[in-house]
Amino acid sequence: MSDAGRTPGAREMQVPMLDLQAQYRPIRDAILEAVVRVCDSQRFILGPEVEGLERELAAYLGVEHAVGVSSGTDALLAAMMALGIGPGDEVVTSTYSFFATAGCVSRLGARPVFVDIDPVSCNIDPGAIAAAVTPRTKAIVPVHLYGQSAELDAILAVASRAGVPVIEDAAQAIGATYHGRKVGGFGLAGCFSFFPSKNLGAFGDGGLVATNDEALAASVRRLRMHGADRQYYHEVVGGNFRLDALQAAVLRVKLPHLEAWAGARRRNAARYDALFDEFGLAGRVTPPAVLPGRGHVFNQYVVRVPDRDRVKAHLEERRVGAAVYYPVPFHQLTCFASLGYRAGQFPHAERAARETLALPVYAELTADEQRYVVEVVAEALERAA
Ligand SMILES: Cc1ncc(COP(=O)(O)O)c(C=O)c1O
């Protein structure tokens, strides 16, 4: 590393954005035991591990049905397919999320209708949803961004007035609560991701559709098996959206730790908040706001900073992991140009895309590492001043 970005005498450390090894070490034996159990059974497709995980997750989330699928993306896709969303339909969603939220709508031939975010939480603005609903609207898809629930009461009220279902994109928010209840069970369906960086991460891809609606659960189960309840008797056209038994076995080892890990993430978030105060950065770094009635699980701890790209480059120079979720809102993506949105149309999302910066917040992060991260952020801002 060059000394270019370093304050003379400053200490040196390395803090990754995410350290999956630190999570794996203490549970390694239990994971290997579970993997061996699947190998010895030679049952890799659905079967007892997937069924066991589905039971355990339904209980954890407080929903009637949980259907394991191949990814968070496929959870969204299958839920939308189950609703029969297709050409001529519209789906209202936030312009500020991970690509899959909108990509699934387009893949089905429907039109994603984007709305702006609330500037404080970065979650979809319920008032803007109401204005975007038309007779062609077939679903509303709020995203519980970074691990904090969207404004569900207001969103469900708009949806109920419009007579359309809500599909929660809860990919980043397993365990997050809204007025004491876990997200994913408020809408008709909740879609979760087990991508390795999520709070409950598999050893590869995985996802889940949670629902209290029996017909929707049956439909997603059918869709994940190419649309057949009985092999080779296809009632609808589905896909291969199954969750692997090996992934389910790994997730079953991790699930009992999930609450403790989320608690550690919350503790880390509170530490950052205090450190930004201590370093006198409160006016220049805006820490994430936890809104009333929300149990945030901090899949990401996202601050707002001026001159974000420069701050991020400085963090990288000083070997501190940082990431931008997300640099381009959907309405400004090349692949959605034909939808006819223009720059400036959703100013809150556009500003967030310029200012948001995610800092390491994983459960095993130490207080000293966090202090180092804040020292380096302070150093970057001093340089800019
Ligand atoms: C908000 C959101 N939606 C959907 C997804 C898609 O999940 P996956 O990567 O498991 O397909 C992700 C995660 O990457 C996400 O963060």
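Note that this is a predicted model, so its numbers are computed, not measured. Start at 1 and go down the list; that is how both ligands and their atoms are numbered.
Each of the atoms 1 (C) of ligand 1 lies under 4.0 Å from some heavy atom of S97. Proximity to A171 (heavy-atom distance under 4.0 Å) selects the following atoms of ligand 1: 2 (C), 3 (N), 4 (C), 5 (C), 12 (C), 15 (C). Close approach of ligand 1 to G72 is summarised as follows: ligand atoms under 4.0 Å from at least one heavy atom of the residue are 6 (C), 7 (O), 8 (P), 10 (O), 11 (O). Taking every non-hydrogen atom of T73 and a distance limit under 4.0 Å, the qualifying atoms of ligand 1 come out as 6 (C), 7 (O), 8 (P), 11 (O).
Using modelled atom types, one finds no donor on one side chain facing an acceptor on the other under 3.5 Å when comparing H144 with Q172. Between D118 and N123, the side chains place no donor N or O within less than 3.5 Å of an acceptor N or O (distance only, hydrogens not considered). At a cut-off of 3.5 Å, with distance as the only test, no side-chain donor of Y272 or D277 sits close to an acceptor on the other residue.
Geometric assessment of K198 against the ring of F192 yields a negative cation-pi assignment under the 6.0 Å and 45° thresholds. Geometric assessment of R294 against the ring of Y178 yields a negative cation-pi assignment under the 6.0 Å and 45° thresholds.
In terms of protein heavy-atom proximity, atom 12 (C) of ligand 1 is nearest to F98 CD2, 3.4 Å. The closest protein non-hydrogen atom to atom 13 (C) of ligand 1 is K198 NZ, 2.7 Å. Of the protein's heavy atoms, Q172 NE2, 2.8 Å lies nearest to atom 16 (O) of ligand 1.
A distance-only check finds a donor-acceptor pair linking the side chain of D89 to the backbone of G86 [under 3.5 Å].
Counting heavy atoms closer than 4.0 Å to ligand 1, residue T101 contributes side-chain atoms (C-beta onward) but none from N, CA, C or O. Looking at V143 against ligand 1, only its side chain comes within 4.0 Å, counting heavy atoms.
Where the criterion is an N or O separation shorter than 3.5 Å, residue side chain and backbone included, L76 fails it with respect to ligand 1.
Residue D169 holds the heavy atom nearest to atom 3 (N) of ligand 1 of all those in D205, L208, D169.
Checked against the 6.0 Å centroid criterion, the rings of F330 and Y341 do not qualify as a close aromatic pair.
Ring-plane geometry between F346 and H331 is classed as perpendicular, the angle between the planes exceeding 60 degrees on a 0 to 90 degree scale with a lower cut at 30.
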